[in-house]
Amino acid sequence: MPLLPAVLLLVLFLAGPIAYCVYYAFTDMQLTGSAVTHFVGLANFTKALHDPQFINSVVLTVVFVVGSAVIGQNTFGLALAVLMAKASKPVRQITTGVVVAAWVLPEVVAGYLMYAFFFQQGSLNAILGGLGLPRQNWLYTMPILAVCLANVWRGTAFSMMVYSAALDEVPQELVEAAMVDGAGPWQRLWRVTLPVIRRTITTNLMLITLQTLAVFGLIYTMTHGGPGNRTETLPIFMYQQAFQNSLIGYGTAIALVLLLVGAVFSAVYLRLLKLEDD
Amino acid sequence: MRTRLLATAAVAAALSATLAGCGGTAGGGSSKSIKVIYWQQLNSANKIQANYLKTQAAAFEKANPGTSVQLVPVTASENDFYTKIDLMMRAPSTTPDLVYEDTATLNSDVASGYLAPLDQDLSSWSEWQKFAPAAKAAVRGTDGKTYAVPDETDTRGIWYNKQLFAKAGLPVPWQPKSWADVLSAARAIKAKVPGAVPLNIYTGKAGGEASSMQGLEMLLYGTPAGSNSLYDARTKKWVVGSQQFKDALQFVKTVYSQGLGPTPSQALSANFSNTISDDLLPSGKLAMDIDGSWMPQHWIASGDKPWPQWSSTMATAPMPTQNGQAPGQVSMSGGWAWSIPAKARNSSLAWKFVQYLNTEQAATQWNVVNNTIAVRSDVAADPKYLKSVPTNAFFTGLVKHTYYRPALPVYTQVSTAIQDAMESVTTGQSSVAAAASTYDSAVKAAVGAGNTETGGNP
């Protein structure tokens, strides 16, 4: 009985919209162009599978997630956390401040800053030119790399903070024992620290993967998904189908696929964690 | 137990209150007030329509005591503007009473049931006879009913810089006879005026509808297939796999791959049209620009880039047909119009305001301040209108050989496919043939393969 209001609220505001969303994905609902909505079964999904633009988006999404989150944010975050554990207090505070600043910025502001950094007359080219290195039109010649780097810049703080907290929990005796046994810094990291924090690694991977899958504003601000469709990840593709081509049904179906991609990544991480525990 | 029950009841009560708030009469409005939605461009320096409507609304309120006109600008990119008004018109609680839309999107909104037919009101409105037949056709739905009152149109041609032409040794006045003439002029500029961009033709998705209309369609409708090059009105089928479409793409590819246009990265950047009107043209860095009749609105004293010398620097030429075949020139037209949403709560007052905005005097003033082409015969002949901008007579003359886009609901998707094809040849990502075949499959997916035909026959 006391749970009833909470359950009602949840059903109304959480389950309701989700159920609606799932329903829309099986209809041909349009924002404009048709007054009636039909149930079309799996038509939206088969359409997606035969759409080369959609396949392109899935590939780019995987590249973006693996490149910027799994490799970029994760490795940099861990590296920063390890280095900072050994650093003096002022260095630590300054580094944390700088890295976290990128993270607390609103997404659109971060996207705009990154645009200003990468675009043809931007700061990156100014720096490269100053060093006598060749300039590049980053957003045009290698846009997916540019947005990956932007996402690494923006998201590393999260991994860094998670790992900093985890490193504090590594028992000092273990590390010292390994040192006495003659293990070098790499061996200590690889054989002592990482196994101890492996649960944190999995949790962190799962969180940043889901965050990165949902990145829209950053890419949209920097490239609009272009040039061509070379940075058109699933969220951008979905937006374009739903709100530019007015195909709400198709767009919603793509959103469901995005959900599925997230689920696949999560399942892999959970499985890895389980394997290690056994 | 009792307190728990009470708490439950309280929450339930609060919940239903919230619900009532969501679906209720928020935004309300007495029978004496109307909500009018129009598009405020992202370029906030352009307040022409805002200022015009403000004075008209104030005068209307004065003439009709007790009424109130609530003007709601939607500040967004053009695509987002349509998304927002579509969402507003879906529900009675958010719908405006009057909305200003591009005629190209009209049929799509008619098919959605968002707009109310105006035939009954129009039949008793004597001014309606003075509207040009082509403009009336542009606001007629596929069901034959009329859904809007247009108050402007536009035409497109080539703007060129006389000083740069003189430097390149090209004749002024200049009249290209074919696409080849345009390209050879661009090559002359490239060779003799270093630092100047020879020719701009809008391309890619960032340009949006400007790429489709000022870009590819200006070429496509100038091929021998003419009015049947994109959509065959006789068979009611969309044209795919045509040589004409490839020819038009080839023109775009030539411009961008041979350095006759802006750099691809520049052309594909967002807001490039502002760069053209406010920077490249006024600073004399662009020799030719395939663009619309409205360009001077940027350059007049109240525009966003006042440039008094424009009328002595810039000249205009009609866009030639592909090989110079009759009628020798081509133009595309659009135009905006006032519609009353089907769910509007105060459509009678909205209709009164539409009439107020479309008296001869108001229409002349609007076409003059906004530098648009008149749709009323009396305004088109008015010396005040013809003399207000030196190019008005030229662009009004293009109306003879102009085309309107196929105003069908799926047009927006076809237009996106056009922009994709243009972008991929501009970047060099695809060959012309590959881009055309991607376009074909996108069109088939959007309209259904049964609604397409192979061809492009004249």
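Protein chains get the first letters and strands the later ones, always in sequence-line order, with residue 1 at the start of each. Basis for what follows: all heavy atoms, side chains included, without hydrogens, waters or symmetry-related copies.
If you measure heavy-atom distances from B:Q413 to chain A, the contacts under 4.5 Å come from both the backbone and the side chain. Looking at B:D109, both its backbone and its side chain come within 4.5 Å of chain A, counting heavy atoms on both sides. Heavy atoms closer than 4.5 Å to chain B are found nowhere in A:Y250, neither backbone nor side chain. For a residue to count as touching a neighbouring chain, one of its non-hydrogen atoms must lie under 4.5 Å from one of that chain's; by this rule A:N245 touches chain B with backbone and side chain alike. Only the side chain of A:Q240 comes within less than 4.5 Å of a heavy atom of chain B; its backbone N, CA, C and O stay farther away. Looking at B:S265, both its backbone and its side chain come within 4.5 Å of chain A, counting heavy atoms on both sides. For chain A, the nearby part of B:D80 is the side chain; its heavy atoms alone come within less than 4.5 Å. For B:S441, no part sits under 4.5 Å from any heavy atom of chain A, backbone or side chain. Interface remark: A:L139 contributes no atoms to any contact with chain B (heavy atom separation under 4.5 Å).
No side-chain donor from either of A:Y112 and A:E107 sits under 3.5 Å from a side-chain acceptor of the other. A donor-acceptor contact closer than 3.5 angstrom is absent between the side chains of A:T212 and A:S68. Residues B:S211 and B:Q419 have side chains that never bring a donor and an acceptor to within less than 3.5 angstrom of each other.
Contact check on B:D102 versus B:R405 returns a salt bridge, with a Lys/Arg side-chain nitrogen under 4.0 Å from an Asp/Glu carboxylate oxygen. Under the 4.0 Å criterion applied to side-chain N and carboxylate O atoms, A:R230 and B:E423 are not assigned as salt-bridge partners.
Between A:F216 and A:Y220, the two ring planes are parallel [angle under 30°; tilted spans 30° to 60°].
Under the 6.0 Å distance and 45° angle rule, B:K343 does not count as a cation-pi partner of B:Y114.
Residue with the most contacts toward chain A among B:G204, B:P264, B:A442: B:P264 (heavy-atom pairs, distance under 4.5 Å).
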